[in-house]
Amino acid sequence: MKKNVVGALFSFGETKLFPHKMGVRVLQAVSIHHSFDLFSVNLHTSVSHKGRSYFPPKPIIFDFNSINKVEDVICIFRDMLRRRPLPYVIHFNKSLTSVVKMKQYSIALLLFDEMRQLGVPAHDYTMNIAINCYCLLNRVDFGFSILCNFFKCGIQPNVTTFNTLIKGLFLEDRVFEAEKLFKKLLRERLCEPNEITFLIVVNGLCKAGHTLTAFDLVMLLEKGRSKPNVRVYTTLIDSLCKDRMVNDALYLLSNMIKEGTSPDIITYNSMIKGLCDSGRFGEVKDLLKEMVTHKISPDLFTFNTLVDAFCKEGRVEDAEDMLEIMNQRSISPNVVTYNALIDGYCLRGEMDKARKIFHTIL
DNA sequence: TTAGGGTTAG
């Protein structure tokens, strides 16, 4: 891919690159008191490389998954930035990912900014994380600005970069632009799309109400080299069901099996929901039997769907039976189960029973 | 497992 071509392609004018700086002063308030014992550091031994003594970065063995406070990650991150030589970029990426998992996207972007200012070399994974943060903040245009930075740094964007940007466009309801970028990706071979690309596009189209366009795409994929996976089929089946095209969803379910893709619990849950919403309880029963033959057990989602459907039909006794089966299978009801039951009793005017369930939750 | 992914109520 040529830099000038893509530069022209993704030019979004004079966009400010770091809008997250504005109004965010959280980091400055965070205490930087943090001890080194958080790290498990190996001995810092010198090695010889091309006749010169070289001190490799101290390996940091740190489990960011065990940290649940963003302030702690920030402290570790800043400590890493102070180290010389700098730790490997993988550790910075891991810390940024942990901040993203805490949904602190603006903070992740501020840390990304600090990395750049302190001279941590640019890295494709890091920039993809930053693009994703902008997308999740509904600022995909700033994500495209980062894309321009890829080229400035001489780094090639990869399929994740484009997947993230396409998802970002869909998140902002910019369906036409998302489709355009996807098509450009294919036409100009900017990168090889993968199964996540197809899922993002199918999901984006479905959520935007373009289920039939997504259907056509899946049919096209079936004929090509990249077969749709179970998630793609499930997304489409779910959307067809929500659009009341239950027969088409059933067709797709049988088609995916014919094509060699096995449905999973989420596929069945989506289909069961669709049948329930259409009052086709007989077929729900058939599907539950089919699940048994495929060795797939109903889960909390399945039972919640059934409980809700029975309650809406005024069949609260059947819903209570579901709770009994759940109990036998050691599946604990959750707030969704109880809400559906309370709703069911309220619909029948049985307020005492509804109140009784409400008090069992408290 | 260093980045991007599909389901239940209201």
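When reading the values below, keep in mind they use all heavy atoms of this one structure, side chains included, and skip hydrogens, waters and symmetry mates. Below, chains carry the letters A, B, ... as their sequence lines are ordered, and counting in each starts from 1.
Looking at heavy-atom distances under 4.0 Å, A:Asn194 makes contact with a base. Using a 4.0 Å heavy-atom cutoff across all strands shown, A:Thr126 reaches no nucleic acid atom at all. Using a 4.0 Å heavy-atom cutoff across all strands shown, A:Ile129 reaches sugar-phosphate atoms only and no base atom. If you check every strand for non-hydrogen atoms under 4.0 Å, A:Asn158 touches a base.
Applying a 4.0 Å cut-off to non-hydrogen atoms, the residues of residues 219-235 of chain A that approach DNA chain B are A:Asn229, A:Val230, A:Arg231, A:Thr234, A:Thr235, listed by residue number. Only A:Asn339, A:Asp343, listed by number, bring a heavy atom of residues 339-358 of chain A to less than 4.0 angstrom from any atom of DNA chain B.
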Under 3.5 Å, sequence neighbours excluded: what are the donor-acceptor pairs made by side chains of residues 205-214 of chain A?
| unit_1 | atom_1 | unit_2 | atom_2 | d |
| --- | --- | --- | --- | --- |
| A:Lys207 | NZ | A:Asn203 | OD1 | 2.8 |
| A:Thr211 | OG1 | A:Ser239 | OG | 2.9 |
| A:Thr211 | OG1 | A:Asp243 | OD2 | 2.6 |

Would you tabulate the side-chain donor-acceptor contacts of residues 306-315 of chain A under 3.5 Å, counting partners in other chains and residues two or more places apart, or write 'none'?
| unit_1 | atom_1 | unit_2 | atom_2 | d |
| --- | --- | --- | --- | --- |
| A:Asp308 | OD1 | A:Lys312 | NZ | 2.9 |
| A:Asp308 | OD2 | A:Lys312 | NZ | 2.8 |
| A:Arg315 | NE | A:Asp318 | OD2 | 2.7 |
| A:Arg315 | NH2 | A:Asp318 | OD2 | 3.1 |

Taking only distance into account, with no hydrogens and no angle test, what donor-acceptor pairs under 3.5 Å do side-chain atoms of residues 349-356 of chain A form with protein atoms, sequence neighbours excluded?
| unit_1 | atom_1 | unit_2 | atom_2 | d |
| --- | --- | --- | --- | --- |
| A:Glu350 | OE1 | A:Lys353 | NZ | 3.3 |
| A:Glu350 | OE2 | A:Arg348 | NE | 2.8 |
| A:Glu350 | OE2 | A:Arg348 | NH2 | 3.0 |
| A:Asp352 | OD1 | A:Arg355 | NH1 | 3.2 |

Side-chain polar contacts of residues 252-260 of chain A - donor-acceptor pairs under 3.5 angstrom, sequence neighbours left out - could you list them?
| unit_1 | atom_1 | unit_2 | atom_2 | d |
| --- | --- | --- | --- | --- |
| A:Ser254 | OG | A:Tyr251 | O | 2.8 |
| A:Asn255 | ND2 | A:Glu222 | OE1 | 2.9 |
| A:Asn255 | ND2 | A:Glu222 | OE2 | 2.7 |

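For A:Glu179, there are no salt bridge (charged side-chain N to carboxylate O under 4.0 Å, His left out) partners two or more places apart in sequence or in a different chain. Under the side chain to side chain donor-acceptor pair (under 3.5 Å) criterion, A:Asp264 pairs with A:Thr267, not counting sequence neighbours. Scored by the salt bridge (charged side-chain N to carboxylate O under 4.0 Å, His left out) test, A:Asp277 finds A:Lys273 as partners (sequence neighbours excluded).
Using a 4.5 Å cut-off between side-chain heavy atoms of Ile, Leu, Val, Met, Phe, Trp and Tyr, A:Val336 falls into a hydrophobic cluster with A:Val335.
The outermost nucleotides of DNA chain B lying under 4.0 Å from heavy atoms of chain A, listed 5' to 3', are B:dT2 to B:dG10.
B:dG5 and B:dT1 have their C1' atoms separated by 16 Å, given to the nearest Å. Look at the C1' atom in both B:dT7 and B:dA3: the space between them is 25 Å, to the nearest Å. Comparing B:dG4 with B:dT8, their C1' atoms sit 25 Å apart, to the nearest whole Å.
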* Any chance you could lay out the salt bridge (Lys or Arg N to Asp or Glu O under 4.0 Å) test for A:Lys69 and A:Glu71, step after step, and finish with the verdict? => CA-CA 5 Å; A:Lys69 281 167 75 181; A:Glu71 291 85 354; 5.5 Å; no
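Applying the salt bridge (Lys or Arg N to Asp or Glu O under 4.0 Å) test to residues at least two apart or on different chains, the pairs with a partner in residues 282-301 of chain A are A:Arg280-A:Glu283.
Contact detail for A:Val202 and A:Thr235: the closest heavy-atom pair is CG1-CG2, 4.2 Å.
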